[in-house]
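Working notes, structure below.
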Amino acid sequence: MTSLSTHVLDAARGEPAADLAVVVSRSNEQVAAAHTDSDGRIRWNVTLSPGDYRLHFATGAWFASTGRESFYPTVELHVTIGAGHTHVALLLSPFAYTTYRGS
């Protein structure tokens, strides 16, 4: 079984990025969509096949909802998901971001 989760942190404030919209797609078709929880996390309850996916984080709208400007209106990550579980972490600030594959 292949599964996917994410954790988004507001690095500028040192806290989770709660209520940030994230869409997962494959071959330009939406597979799943959700908002991060109060801890900045999403664990999608969909069965995925191994392959290439895109995670679209609505960062501009999220920063605007917190009253801050941002440079990136969206962050799109293209990832290859294998068998098992894949966790994608995203660290945000208004003018930069970092991402990595977590555990």
| field | S93 side-chain N/O to A11 backbone N/O, donor-acceptor pair under 3.5 Å | value | no
| task | Using the six-membered ring of Y53, assess whether NZ or CZ of R26 lies under 6.0 Å from its centre and within 45 degrees of the ring axis. | result | yes
| said: Tell me which one of I42, T99, T86 satisfies side-chain contact (heavy atoms from CB on, under 4.5 Å) with T6. | reply: I42
| query | Going from NE2 on H78 to CZ on R54, what distance comes out if it is rounded to the nearest 0.5 angstrom? | reply | 6.0 Å
| task | Decide whether L77 and L4 are clustered together by the hydrophobic rule: side chain heavy atoms of Ile, Leu, Val, Met, Phe, Trp, Tyr closer than 4.5 Å, transitively. | result | yes
| Do F63 and L20 come close enough that some side-chain heavy atom pair is under 4.5 Å? | no
| field | Derivation and outcome, side-chain contact (heavy atoms from CB on, under 4.5 Å), residues H56 and T74 | value | CA-CA 7 Å; H56 176 97; T74 63; 3.3 Å; yes
| task | Report yes or no: do F71 and L91 belong to one cluster of Ile/Leu/Val/Met/Phe/Trp/Tyr joined by side chain heavy-atom distances under 4.5 Å? | result | no
| message | Test side-chain contact (heavy atoms from CB on, under 4.5 Å) on L55 and V79; report intermediate values, then the result. | response | CA-CA 8 Å; L55 282 77; V79 298; 3.7 Å; yes
| request: Hey, could you give me the CG/OG1 distance between D10 and T36, rounded to the nearest 0.5 Å? | output: 10.5 Å
| said: If we ignore hydrogens and angles and just use 3.5 Å, is the side chain of W62 paired with the main-chain N or O of A18 as donor and acceptor? | reply: yes
| said: Let me check something: do V23 and V46 share a hydrophobic cluster, defined by ILVMFWY side-chain heavy atoms less than 4.5 Å apart, either directly or through other members? | reply: no
| Parallel, tilted or perpendicular: rings of Y97 and Y72 (30°, 60°) | perpendicular
| task | Quick one: which residue pairs count as a side-chain hydrogen bond (donor to acceptor under 3.5 Å, both in side chains) with a foot in residues 12-21, not counting sequence neighbours? | result | none
| Neighbour count above 12 (heavy atom, 6.0 Å) for F95 CZ | yes
| remark: Nearest heavy-atom contact between G60 and S70 is CA-OG, 3.7 Å
| task | For residues R68 and A12, report the shortest heavy-atom separation together with the two atoms involved. | result | NH1-CB, 4.2 Å
| query | Do L92 and L9 touch side chain to side chain, with heavy atoms closer than 4.5 Å? | reply | no
| Lys/Arg-Asp/Glu bridge criterion (N-O < 4.0 Å) met for R43, D37 | no
| said: Distance alone, cut at 3.5 Å: any donor-acceptor contact between the side chains of S5 and H85? | reply: yes
| note | dist I81:CD1 -> R101:CZ (nearest 0.5 Å) comes out at 9.0 Å
| Do Y100 and V88 touch side chain to side chain, with heavy atoms closer than 4.5 Å? | no
| Heavy-atom donor-acceptor pair, D39 side chain to R41 backbone, under 3.5 Å | no
| request: Would you name the heavy atoms of P16 and G40 that are closest together and state the gap between them? | output: CB-N, 3.5 Å
| message | I want to check something: taking the side chain as every heavy atom from C-beta on, are T2 and T47 in contact at a cut-off of under 4.5 Å? | response | no
